[in-house]
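Protein chains get the first letters and strands the later ones, always in sequence-line order, with residue 1 at the start of each.
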Number of protein chains: 2
Amino acid sequence: MIRRTEQRYAIRRVLEHTVRPLTPQEVLEKAKATVPGLGIATVYRNLKVLHQDGILSTVEVPGAPARYEMANRGHRHHFQCESCNRVFDMPKSSFTPSALVPENFKVRDHQVLFYGFCPECSH
Amino acid sequence: MIRRTEQRYAIRRVLEHTVRPLTPQEVLEKAKATVPGLGIATVYRNLKVLHQDGILSTVEVPGAPARYEMANRGHRHHFQCESCNRVFDMPKSSFTPSALVPENFKVRDHQVLFYGFCPECSH
DNA sequence: GTGGATGCAAACTCTTTGCACCTTG
DNA sequence: CAAGGTGCAAAGAGTTTGCATCCAC
């Protein structure tokens, strides 16, 4: 049975109110505003549970911690800024690239990640 | 000035003779066949140099070390098996998804990764 | 009151770095 | 022989885990 704790609720609320994927560390800092004593281990434990339950989706980026965002935002492509390191959601698209995979591979999911400079960092 | 050492050559040769992206650990194990005393730090240092020189490309996968492969294989999409954790190259395709990114983001590169079960693990 | 959840610190994994020694050019 | 490269071990970063305590149910 899963309990409804103040920590879990705070962590979830942080992600519900953010429009870009966050690192565990970022989640911790934001959630501490509501639950000051919050520990990083609790953040990791809850992100894992929420991900396993399909509530969160993950975005992996090269040489940096994984990012998390609400799965109900739908499948997204992402963009990592090579200057500020933030990761952004791209607009939804109808691109379904599974057709590019040989038949004997069973595709369950996919991820598209762009690299470059975000608007703020490109001038 | 860059020197031609036995270790660097062995590391490079391992990657030239492999058809899927390898982890630093895998590179170490294979290269040790030629250079028994080889250390993991040397592998990391050389992978970094070879990557910076554009000779290798990297593939990042969730919750696992980065993989490296020869950049001259061309731009590839990849497939990670969720059972055996190996990463495979997909056939080349003409898919160029930069059109899916808003204009004010400057795209320099992109990566497509599929998850699922490879042929060997799907029966 | 019982079992899940938390916080802390220690443990772990992956990667980088400091340093003395070695090797290439 | 000078500068770059190597191997080892220690240090860092990110993540997980053990354990005593806490608290939601």
Side-chain angles (χ1 to χ4, degrees), chain A residues 1-15 21-53 55-69 80 82 84-87 113, chain B residues 1-15 21-53 55-69 80 82 84-87 113:
Chain A
M1 181 214 312
I2 289 182
R3 292 185 186 170
R4 196 197 153 292
T5 67
E6 203 190 342
Q7 290 88 341
R8 184 160 294 158
Y9 185 57
I11 289 168
R12 187 164 173 163
R13 203 162 17 138
V14 164
L15 288 157
L22 300 180
T23 62
Q25 200 60 46
E26 286 173 322
V27 172
L28 174 66
E29 280 148 25
K30 286 175 188 281
K32 267 188 169 169
T34 341
V35 186
L38 186 61
I40 188 71
T42 299
V43 173
Y44 275 101
R45 280 189 280 238
N46 277 291
L47 291 178
K48 179 177 264 186
V49 169
L50 291 168
H51 178 239
Q52 281 169 354
D53 290 0
I55 292 162
L56 299 181
S57 59
T58 58
V59 189
E60 292 280 330
V61 301
R67 266 65 171 186
Y68 293 82
E69 70 182 336
Q80 181 186 28
E82 295 178 317
C84 67
N85 271 313
R86 286 182 298 179
V87 172
L113 181 62
Chain B
M1 178 216 314
I2 289 183
R3 293 183 186 170
R4 196 197 153 292
T5 67
E6 203 190 343
Q7 291 87 339
R8 183 161 294 159
Y9 184 58
I11 288 168
R12 185 164 175 163
R13 201 160 19 134
V14 164
L15 287 158
L22 299 180
T23 62
Q25 199 59 47
E26 286 172 323
V27 172
L28 174 67
E29 280 149 24
K30 286 175 188 281
K32 267 189 167 168
T34 340
V35 187
L38 187 61
I40 187 71
T42 299
V43 174
Y44 274 101
R45 280 189 280 239
N46 277 292
L47 291 178
K48 178 177 264 185
V49 169
L50 290 169
H51 178 240
Q52 282 169 355
D53 290 0
I55 292 163
L56 299 181
S57 59
T58 58
V59 189
E60 291 280 330
V61 301
R67 266 69 169 183
Y68 293 82
E69 69 181 335
Q80 181 187 28
E82 295 178 316
C84 66
N85 271 313
R86 285 182 299 180
V87 173
L113 180 63

Sugar-phosphate, base or nothing in reach of A:Ile40, heavy atoms under 4.0 Å: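 Since no nucleic acid heavy atom lies under 4.0 Å of A:Ile40, the category is nothing.
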
Touch class at under 4.0 angstrom, heavy-atom based, for B:Ala66 against every strand present: sugar-phosphate

In whole Å, what is the span from the [atom1] atom of [X] to the [atom2] atom of [N]?
X       : N      : atom1 : atom2 : result
B:Asn46 : D:dG4  : CG    : P     : 15 Å
A:Glu26 : D:dT15 : CD    : P     : 12 Å
B:Leu22 : C:dC14 : CG    : P     : 15 Å
B:Leu47 : D:dG5  : CG    : C1'   : 15 Å
A:Lys32 : C:dG7  : NZ    : P     : 10 Å

Any residue meeting side chain to side chain donor-acceptor pair (under 3.5 Å) with A:Arg45, in chain and number order, not counting sequence neighbours: none

Heavy-atom side-chain proximity of A:Leu15 to A:Leu47 below 4.5 angstrom: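 Answer yes - side chains close enough.
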
Presence of B:Gln7 side-chain N/O under 4.0 Å of C:dT23 phosphate oxygens OP1/OP2: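 Looking at the OP1 and OP2 atoms of C:dT23, neither is under 4.0 Å from any side-chain N or O of B:Gln7.
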
Among C:dT6, D:dT15, D:dG7, the nucleotide that comes nearest once only the side chain of A:Pro24 is considered: D:dT15

Closest to the A:Pro65 side chain, choosing from C:dG7, D:dG7, D:dT15: D:dT15

The helix from C:dG1-D:dC25 to C:dG25-D:dC1: angle between end helix axes, five pairs per end, rounded to 10 degrees: 30°

Contact state string [nucleotides 17-25 of chain D, B base, S sugar-phosphate only, - no protein heavy atom under 4.0 Å]: BB----BBS

